[in-house]
Chemist: 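Quick one: this structure, given as structure tokens, is what I'll be asking you about.
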Amino acid sequence: MQSAGVPSYLEVLNPEQRRAVLHSGRPLLILAGAGSGKTRVITTKIAWLIREKGIDPRSILAVTFTNKAAREMAERARLIDERAGDAMLRTFHSFGAWFLRRNGRLAGLDSGFVIYDDDDAISLLSSILDDAPKAEVKKFAHGISRAKDYFLSPDSPDLVLIDGREKFRECYALYEEKMARIGNVDFGDLIKKPVEILRQEPEVARRFRERFSVIMVDEYQDANVAQFELLKALTGPDTYVCVVGDDDQSIYRFRGAEVKNILEFPDRFSDTDIIRLERNYRSTAPILKAASSVVNHNRGRLGKTLNAERGAGKIPVLVFLPNQDEEASFCAELIENSARGSDAAGGKGGKAGQARWSDWAVLYRTNAQSLGFETEFLRRGIPYRVVGSLKFYEREEIKDALALLAFLVNPRDEVAFRRVVNKPVRGVGAASVDRVIEQFEILDGDLIEAAKNAGLSAKAQAGIKAFFEVIENGRALLDQAGDGSGASGADNDDLAAADSVPALPASANKGGGSGKGKRRRAVKEPHELVSGEGLSVCVERLLRDSGIAEYHQAGDEVSGNQRLYNLQELVNAASLYPLGREGLLDFLEHIELDRSLAEPAADGAAERDADNAVTLITFHNTKGLEFRRVIMTGLEQGVFPRADKKDYELEEERRLFYVGATRAMDELYLSSCEMRRMYGRTEISAPSLFLREIDKSCLRIIGDVPYGFGAFDGAAVNHGGQIRQGGANALEEKAGWRRGERVFHDDHGYGAVMEVRDSDDGPVVRVRFETGEELRFYSDFQGSAFEKIGQDY
DNA sequence: TAGTTTTAAGTTTTT
DNA sequence: CTTAAAACTA
């Protein structure tokens with residue numbers, strides 16, 4: 001291999017990576033295992049195309065799945081070549097929104113549309129399905145969302161694959177009709193509509209194919225059918241297509257991701273070249289082996305062998321614990337022992353081998369599990385940061401504020417209207433609102449007109465007038481700002497601007513808490529909203545005039561919420577956007593598309609050094625991240641994997657396990673609890689199936705190995721753990737339960753006692769239910785949920 | 001009809 | 001156990 005003339009930024013690549021970067025011509029599929037440097041390949045490739053191939057940066061489109069990935073990619077590409085900043089790096093959805101602002105008109109969509117989130121979609125649906133229970137509405141909403149993921153319209157024959165009921169089809173059609181009248185879009189539309197436009201308008205398709213000569217897709221295994229169609233629609237004969245993915249890391253099937261997209265890519269794009277990146281630079285060998293041995297149990301996979309370039313390292317540790325409280329304190333202690341003092345040391349000057357708080361991540365399956373860790377870490381003063389659980393934009397007061405803003409830009413927004421027209425109470429009750437909506441559906445105008453013709457009572461009329469005045473004032477404020485940003489930008493389909501995606505300020509997330517209430521907050525209770533610059537003037541004015549601010553402030557005083565404070569944060573966030581219609585649209589779009597941001601580290605100690613904190617995070621959210629030391633918690637049947645489900649669902653859980661384990665660079669810990677409180681009940685759970693599947697040569701076990709856990713019963717794998725053996729029969733009296741006895745359980749129905757055993761904590765009763773599932777419980781602890789029905793089986 | 005109390009239900013994972 | 005929906009009262 002010749003090294004003469006190879007630019008230095010290519011020298012750091014291994015041969016496969018370099019081959020991927022230098023590849024050109026035919027479509028390319030890069031199968032990149034975990035930790036194999038795929039981001040480096042993409043960013044380097046962007047730089048190389050610009051530098052060596054003379055490609056105009058603006059004709060490069062790189063799509064990712066998350067905003068975080070998009071930002072990181074842009075940053076890293078710019079480090080190699082400044083000009084990469086002009087390339088378009090976006091998420092699929094953000095690209096779709098950008099497309100529709102310019103070309104949506106061709107699908108009857110005004111450029112001033114607002115993006116509906118799932119909640120808004122549900123609100124819309126429940127106005128269609130008038131008296132359906134909420135759960136039912138949710139099911140339909142979910143179905144519609146899936147249908148759009150699979151690029152299915154109400155008249156598609158394949159719609160039955162999502163939901164066979166005719167009512168579903170009707171409901172979907174009505175939903176689309178209503179959405180069209182309102183003039184907004186949901187998440188699915190951001191992908192589906194662009195494809196439809198590109199297919200129906202050859203001229204638009206031609207322009208886009210001309211504009212983008214290179215298209216790259218990251219995390220391709222997570223793309224759904226509609227996204228694949230979008231990729232195809234954007235691709236002409238001369239477009240260079242390069243996708244990167246790892247079938248073992250496909251964890252979003254539940255929301256339409258199709259592994260088939262990656263498996264069948266070579267069939268759909270002819271003459272595809274495939275390059276495999278199988279050198280892992282992140283984890284040590286035992287960690288990688290443990291992770292691989294689990295995912296190897298999956299059948300539907302391409303299969304690959306990752307090689308650990310870092311070589312040998314610490315063996316992963318599996319610890320069995322009695323319950324979740326012990327699990328939390330075990331994690332806390334483990335972390336404390338290694339990192340205590342690292343904050344004071346400021347990251348440097350610590351002893352060799354001294355870990356920083358930020359080296360650690362605690363992983364769990366569901367957000368609810370973070371609570372126990374938060375409580376324990378707070379108690380011990382361990383700085384931590386919770387990723388992803390924050391639902392700032394789902395808070396009632398924030399949704400109210402956003403509805404107000406949405407109605408400002410789109411006076412046909414029925415969902416927003418419903419939400420805020422009578423908040424605070426203006427005497428406009430449900431009956432009046434329905435009448436307005438009814439009129440709105442007859443007239444082809446907006447809700448303001450409809451209200452005039454709805455024949456309302458004097459009281460309602462006065463109330464609604466007051467509401468519209470607030471809206472009018474807000475709109476006047478926007479219009480008078482003059483809008484230097486060019487309101488026409490939406491009308492022409494100027495493809496030149498590659499407008500970057502600014503992140504919302506982190507401050508927008510402060511004070512969120514996670515609905516857990518106990519979080520400390522250094523902020524004083526605010527007594528009024530204060531506006532700053534730009535758009536915040538309008539937001540503040542609107543919140544004040546509408547009475548929303550006052551309404552929530554009153555609530556704060558009663559129940560000690562921080563709603564006014566949260567509204568203030570929203571006002572602050574708005575100050576980064578220019579005052580005007582365009583600025584407002586931009587603000588709303590960013591909020592809808594990028595709402596999952598990390599919460600600032602909790603705990604006083606961390607504020608000095610905000611980056612040095614333990615990460616608490618769900619398995620799903622870890623994708624694309626890495627940590628020196630990882631603890632995977634809650635490895636129990638029913639928690640992870642979540643429940644005994646179908647094969648393919650189990651395979652997805654297994655991939656999730658793989659994703660989590662491969663985040664670890666140096667040390668990996670796995671914890672499994674014997675008892676766990678769930679729904680207020682304490683139940684005994686069996687160790688996760690996945691623990692059994694780990695290659696035993698790369699596991700050290702600590703704690704009491706639960707009885708009956710076959711794989712670990714043999715002494716050969718028992719390093720320091722003790723296996724509990726129990727007698728059998730004389731226990732029955734002590735336990736108060738005997739074999740064969742019939743049982744009824746509120747949640748699980750009828751069953752029979754299969755076995756009574758002894759343990760350190762008293763007799764254990766094993767029950768098998770008619771459903772086939774089994775439960776165990778301590779007789780002197782937990783018998784209350786189990787009711788004797790006094791007969792033998 | 002608004003605001004209260006009582007009862008039921010439910011917890012993945014996310015753009 | 002926590003939250004949302006239904007039921008009820010003033």
Side-chain angles (χ1 to χ4, degrees), chain A residues 63-70 90-97 115-119 121-122 126 131-138 142 145-146 148-149 185-192 219 222-224 226-227 250-257 324 363-372 387-391 393-394 396 422-433 457 459-460 514-517 555 558 589-597 617-623 634 638-643 645 649 652-653 655-657 659-660 676-682 746-747:
Chain A
V63 235
T64 63
F65 211 68
T66 65
N67 293 286
K68 193 168 56 182
R90 282 174 180 261
T91 64
F92 265 113
H93 290 88
S94 150
F95 175 79
I115 301 164
Y116 273 178
D117 66 12
D118 291 348
D119 272 353
I122 289 169
S126 47
D131 40 359
K134 182 108 190 230
E136 183 80 352
V137 177
K138 271 188 179 165
H142 186 254
S145 171
R146 274 309 69 74
K148 291 186 178 181
D149 287 344
V185 297
D186 60 21
F187 280 125
D189 289 334
L190 292 176
I191 311 296
K192 186 164 173 275
E219 304 282 15
D222 286 329
N224 60 34
Q227 286 160 339
S250 170
I251 54 175
Y252 288 113
R253 190 196 166 100
F254 67 92
R255 62 163 206 221
Q324 59 200 348
L363 278 50
Y364 37 79
R365 181 69 230 284
T366 64
N367 278 312
Q369 287 166 259
S370 76
L371 188 98
V387 176
S389 75
L390 182 73
K391 290 178 175 149
Y393 297 109
E394 281 164 37
E396 192 189 337
N422 201 30
K423 203 171 202 177
V425 283
R426 296 185 178 92
V428 188
S432 306
V433 173
S457 68
K459 188 173 112 193
S514 349
K516 283 149 197 161
V558 177
E589 181 172 319
H590 281 122
I591 284 172
E592 286 304 330
L593 296 181
D594 190 6
R595 47 176 47 186
S596 60
L597 289 172
I617 190 168
T618 61
F619 282 96
H620 279 89
N621 269 322
T622 60
K623 198 157 60 137
V639 178
F640 191 25
R642 190 161 180 275
K645 288 195 172 172
E649 284 171 310
E652 178 136 319
E653 296 275 296
R655 290 192 289 268
L656 190 55
F657 181 99
V659 167
R676 185 171 288 272
R677 279 191 308 277
M678 268 176 129
Y679 313 95
R681 285 232 167 94
T682 307
D746 281 349
D747 299 333

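Below, chain A is the first sequence line, B the second, and so on; all start at residue 1.
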Chemist: Roughly, in whole Å, what's the span from CD1 in A:Ile115 to C1' in B:dT14?
Modeler: 15 Å

Chemist: Between A:Asn67 and B:dT15, does any side-chain N or O lie under 4.0 Å from OP1 or OP2?
Modeler: no

Chemist: Hey, what's the ring geometry for A:His620 with A:Tyr252, parallel, tilted or perpendicular (30° and 60° as the breaks)?
Modeler: tilted

Chemist: Kindly give the atom pairs (protein nitrogen or oxygen, nucleotide nitrogen or oxygen) under 3.5 Å for nucleotides 4-10 of chain C.
Modeler:
from, atom 1, to, atom 2, distance (Å)
C:dA5, OP1, A:Lys134, NZ, 2.8

Chemist: Quick one: A:Asp149 CG to B:dT15 C1', roughly how many Å, whole number?
Modeler: 10 Å

Chemist: I'd like to know if the side chain of A:Ser94 reaches the main chain of A:Arg90, judged simply by a donor and an acceptor atom lying under 3.5 Å from each other, with no hydrogens or angles considered.
Modeler: no

Chemist: Donor-acceptor pair, distance only, cut-off 3.5 Å: does the side chain of A:Asn67 make one with the backbone of A:Leu593?
Modeler: yes

Chemist: Distance check needed: B:dT13 P versus A:Leu363 CG, whole Å only.
Modeler: 13 Å

Chemist: What is the separation between atom CG on A:Asp594 and atom P on B:dT15, rounded to the nearest whole Å?
Modeler: 8 Å

Chemist: Report the nucleotide, chosen from B:dA2, B:dT13, B:dT14, that has the shortest atom-to-atom distance to any side-chain atom of A:Arg255.
Modeler: B:dT14

Chemist: Kindly say whether A:Phe254 contributes a backbone atom to a donor-acceptor pair with the side chain of A:Arg146 at under 3.5 angstrom?
Modeler: yes

Chemist: Dot-bracket notation for DNA chain B is requested: 5' to 3', Watson-Crick or G-U wobble pairs only, both distances under 3.5 Å, with ( ), [ ], | and . as defined.
Modeler: ||||||||||.....

Chemist: Ring centres under 6.0 Å, that's the criterion: do A:Phe657 and A:Phe619 meet it?
Modeler: no

Chemist: Hey, are A:Lys623 and A:Glu219 close enough for a salt bridge, meaning a charged N less than 4.0 Å from a carboxylate O?
Modeler: yes

Chemist: Starting from P on B:dT14, measure out to CD on A:Glu219 and report it in whole angstrom.
Modeler: 14 Å

Chemist: Answer yes or no as to whether B:dT13 has its base stacked against A:Phe254, where stacking requires a ring-centre separation under 5.5 angstrom and planes under 30 degrees apart.
Modeler: yes

Chemist: Base, sugar-phosphate or nothing for A:Phe619? Non-hydrogen atoms, less than 4.0 Å.
Modeler: nothing

Chemist: Quick one: on DNA chain B, does A:Val428 or A:Met678 contact a more 5' nucleotide (nearest heavy atom)?
Modeler: A:Val428

Chemist: If the cut-off is 4.0 Å, is A:Asn621 near the phosphate of B:dT14, judged by side-chain N/O to OP1 or OP2?
Modeler: yes

Chemist: Keeping the roles fixed (side chain from A:Gln369, backbone from A:Thr366), state whether a donor-acceptor pair exists under 3.5 Å.
Modeler: yes

Chemist: For a quick check of understanding: with a heavy-atom distance under 4.0 Å over all strands, which category does A:Phe65 fall into, base, sugar-phosphate or nothing?
Modeler: sugar-phosphate

Chemist: Assuming nearest nucleotide by heavy-atom distance, tell me which of A:Thr91 and A:Glu653 is located more 5' along DNA chain B.
Modeler: A:Glu653

Chemist: By nearest atom, which of the nucleotides B:dT15, B:dT13, B:dA2 is closest to the A:Asn422 side chain?
Modeler: B:dA2

Chemist: Please enumerate all residues that pass salt bridge (Lys or Arg N to Asp or Glu O under 4.0 Å) together with A:Arg676, with sequence neighbours excluded.
Modeler: A:Glu327, A:Glu636

Chemist: Not counting sequence neighbours, which residues clear side-chain hydrogen bond (donor to acceptor under 3.5 Å, both in side chains) with A:Asp189? List them please.
Modeler: A:Lys148

Chemist: Do A:Thr618 and A:Asn621 get their side chains close enough for a donor-acceptor pair, meaning under 3.5 Å?
Modeler: yes

Chemist: Is it true that A:Arg642 and A:Glu652 have a side-chain N and a carboxylate O under 4.0 angstrom from each other?
Modeler: no

Chemist: Using whole Å, what does the distance between atom P of nucleotide B:dT14 and atom NE2 of A:His142 come to?
Modeler: 13 Å

Chemist: Looking at residues at least two apart in the chain, or sitting in another chain, which of them share a side chain to side chain contact (heavy atoms under 4.5 Å, CB included) with A:Asn422?
Modeler: A:Val425, A:Arg426, A:Val428

Chemist: Detail all sub-3.5 Å separations between protein N/O atoms and N/O atoms belonging to nucleotides 5-10 of chain B.
Modeler:
none

Chemist: B:dT14 C1' sits how many Å from A:Leu656 CG, rounded?
Modeler: 13 Å

Chemist: Across the strands shown, which category fits A:Asp118 at heavy-atom distances under 4.0 angstrom: base, sugar-phosphate, nothing?
Modeler: base

